[in-house]
Amino acid sequence: MSRPSDIVVAGGGPAGCCAALGLQQMGYRVLLLATPRPWPSCEGFSARALQGLQQAGLNSAAACLGAASPRRATWNGTTNDANSEHLVLREALDQALLADVRSAGIEVITGQLGPTHALENGGSQLQVRLASGGSVARGCRFLIDARGRAAGGGGNRLRGPESVSLVQVRQGPPEPASSYLYSLPSGWAWLAQTGAGLLFLQLTVSAEAGSLPARSELDSWFNALIQPHHDITDRIVGTSPTGPVFARGSTSVLRNELVSGALLRVGDAAMAVDPLSGNGVFQALSSALAAPAVVNSLLQHPDDRSVAEAFYRQRVEHLFLRFARTGRDFYRLEQRWPQESFWRQRRNWPDDEPSHSDISPRFLGLQTGAVLDGDRIRAAPVAVTSDQPLGVWHVAGITLAPLLEGLPDTMDARHQLLLDRIKHTISQPQKAQLVQAWLQRYGLL
């Protein structure tokens, strides 16, 4: 059913297209603003990111990735080639993403978001700067900012050590698709051979004040950094640069205002992670997949606004910290240059909390939490555990709270009551087994 609601999504990357498609499927009229990237780029997608595209219904984009290619990491003097990733030219991916949203009937304008003015009814009046020149005015009830790291405003709740990724694109003979990761005294390098002769060499280094040369000296500085490292220079023999080195910000950032009025941030506009994790697209899609239900709750269920906002903030922050800590632990594995500021800073950020809980799984109790219920966010009792601090609402489609309310203190009595409740409330044996396994994991059976 079509609702009288216009939503503008600013940003045509994976997060923006995912959110736009989800909202269109809910019946909203969606306008997507897309801006072509000003530089050539190659992306490495994890298997989870590919699954995220498929889950979002971005099938042309998922098919664009092709098969996974080997990824070899040389870190702390040890080489490991157990991992793989899907390499794709970003221009081809962006075209496939826009093809997916257009095929769903979403209007796409090639242009950038200009000034935004709040309207008395809670919506916004937007100026869209067209890529072809000039501008148009569009009204909307809600704006989703999916413009990536370039999105301004909102302030930062957390910001990691200042980092920049310097990229050199090179042309050479066709080689099998593959990628390589190297740790260096000044940072780390990622080298991607696309299989068609294009080679992308990216150096991620510190961007502290005074640590980078002037733009006119960037190419020579870049070449001087890689010259001592034969693993890299041997890989680029027979290739030549296609243009100057360009820089992309790669500092980890968690935005402060993820939801504000009629604005919601998704993808890198909400949280931008260290590219070392290789999970940036997965994280972007994670926030975008939740966005339609959050926006729908804000527009259609205003009494649940605080619940919807809390749901989104908690999940974005939880995911950000989990991967930030995982990245910190990977930085700590490199121990050859302990006094280099690049490594020293990243070994100690964002905190000293473990990335994965070593505490044995325990049920901590029931509490009211925010849950995703179809196309909305609402409050419901959830089971809080030692490894799921945001709570678990259901297992195998079975709501946990009715099973866990008023449990006796003694093990025997609790055991019998839970078995009786499972028997009388869950008719499908397979679901009953899954719920029973969950209860056993947390020491309740």
Side-chain angles (χ1 to χ4, degrees), residues 37-46 65-66 68-77 79-81 83-93 149 163-207 211-251 273-278 280-281 327 330-331 334 337 340 342-343 346:
R37 286 178 173 255
W39 54 74
S41 178
C42 179
E43 301 280 355
F45 276 59
S46 66
L65 299 188
S69 57
R71 184 190 195 204
R72 174 173 294 181
T74 300
W75 204 261
N76 198 37
T79 298
N80 183 302
D81 55 4
N83 294 322
S84 63
E85 58 187 340
H86 301 263
L87 298 177
V88 63
L89 295 178
R90 189 56 194 260
E91 182 180 7
L93 176 67
R149 293 177 181 271
S163 305
V164 64
S165 293
L166 309 173
V167 183
Q168 184 183 70
V169 184
R170 304 179 71 92
Q171 180 69 56
E175 296 281 353
S178 58
S179 58
Y180 304 85
L181 179 68
Y182 305 101
S183 55
L184 315 175
S186 57
W188 55 270
W190 181 68
L191 189 153
Q193 294 175 309
T194 63
L198 275 181
L199 183 148
F200 292 80
L201 177 55
Q202 174 178 295
L203 298 182
T204 297
V205 297
S206 175
S211 63
L212 296 174
R215 183 178 295 274
S216 61
E217 301 171 358
L218 194 58
D219 283 65
S220 58
W221 188 77
F222 181 96
N223 292 329
L225 278 181
I226 65 173
Q227 197 59 44
H229 305 288
H230 298 296
D231 283 345
I232 298 176
T233 55
D234 289 349
R235 290 278 170 200
I236 63 176
V237 169
T239 68
S240 56
T242 62
V245 171
F246 60 88
R248 301 191 297 182
S250 52
T251 304
V273 300
D274 191 320
L276 178 66
S277 71
V281 176
F330 195 57
Y331 279 118
E334 177 51 80
W337 308 292
E340 294 287 344
F342 178 90
W343 296 98
R346 286 153 184 80

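- Here CZ of F45 is found 10.5 Å from CG of L87. Values are rounded to the nearest 0.5 Å.
- Rounded to the nearest 0.5 angstrom, D219 CG and Q168 CD are separated by 7.0 Å.
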Could you check W190 against S179 for side chain to side chain contact (heavy atoms under 4.5 Å, CB included), going step by step and ending with a plain yes or no? CA-CA 7 Å; W190 181 68; S179 58; 3.7 Å; yes
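- With a 4.5 Å cut-off on side-chain heavy atoms, N76 and W337 do not count as touching.
- To the nearest 0.5 angstrom, L203 atom CG is 8.0 Å from W221 atom CH2.
- Judged purely by atom type and a 3.5 angstrom limit, H86 uses its side chain to pair as donor or acceptor with the backbone of G66.
- Note: I226 CD1 to D231 CG = 12.0 Å, rounded to the nearest 0.5 Å.
- The ring of W343 has its center closer than 6.0 angstrom to the ring center of Y331.
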Chi angles and distances behind the side chain to side chain contact (heavy atoms under 4.5 Å, CB included) call for F222, Q227: CA-CA 9 Å; F222 181 96; Q227 197 59 44; over 6 Å; no
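- Q171 CD: more than 12 foreign heavy atoms inside a 6.0 Å radius.
- Using cut-offs of 30° and 60° on the angle between ring planes, the pair W39 and F246 is parallel.
- Between R346 and S163, the side chains place a donor N or O and an acceptor N or O closer than 3.5 Å (distance only, hydrogens not considered).
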Side chain to side chain contact (heavy atoms under 4.5 Å, CB included) between L191 and L181, intermediate numbers included: CA-CA 7 Å; L191 189 153; L181 179 68; over 6 Å; no
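- Looking at R90 and S41, their side chains never bring a donor and an acceptor atom within 3.5 Å of each other.
- Remark: R170 CZ to I236 CD1 distance equals 4.0 Å, nearest 0.5 Å.
- Side-chain polar atoms of Q193 and S178 form a donor-acceptor pair below 3.5 angstrom.
- Looking only at atom types and distance, the side chain of R248 has a donor-acceptor partner in the side chain of Q202 under 3.5 Å away.
- Counted by atom type alone, Y180 and R235 present one or more donor-acceptor pairs between their side chains at under 3.5 Å.
- Inspection of the S165 and T204 side chains reveals an N or O donor paired with an N or O acceptor under 3.5 Å.
- Here L166 contributes atom CG and L212 contributes atom CG; the two are 6.5 Å apart, rounded to the nearest 0.5 Å.
- Within 6.0 Å of the CZ atom in R149, the count of heavy atoms belonging to other residues, nucleotides or ligands exceeds 12.
- Between F330 and W75, the ring planes are parallel. Angles under 30° get that label, and only those over 60° would be called perpendicular.
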Give the C-alpha distance, both sets of side-chain angles, the deciding distance and a yes or no for side chain to side chain contact (heavy atoms under 4.5 Å, CB included) between L93 and L65. CA-CA 8 Å; L93 176 67; L65 299 188; 4.2 Å; yes
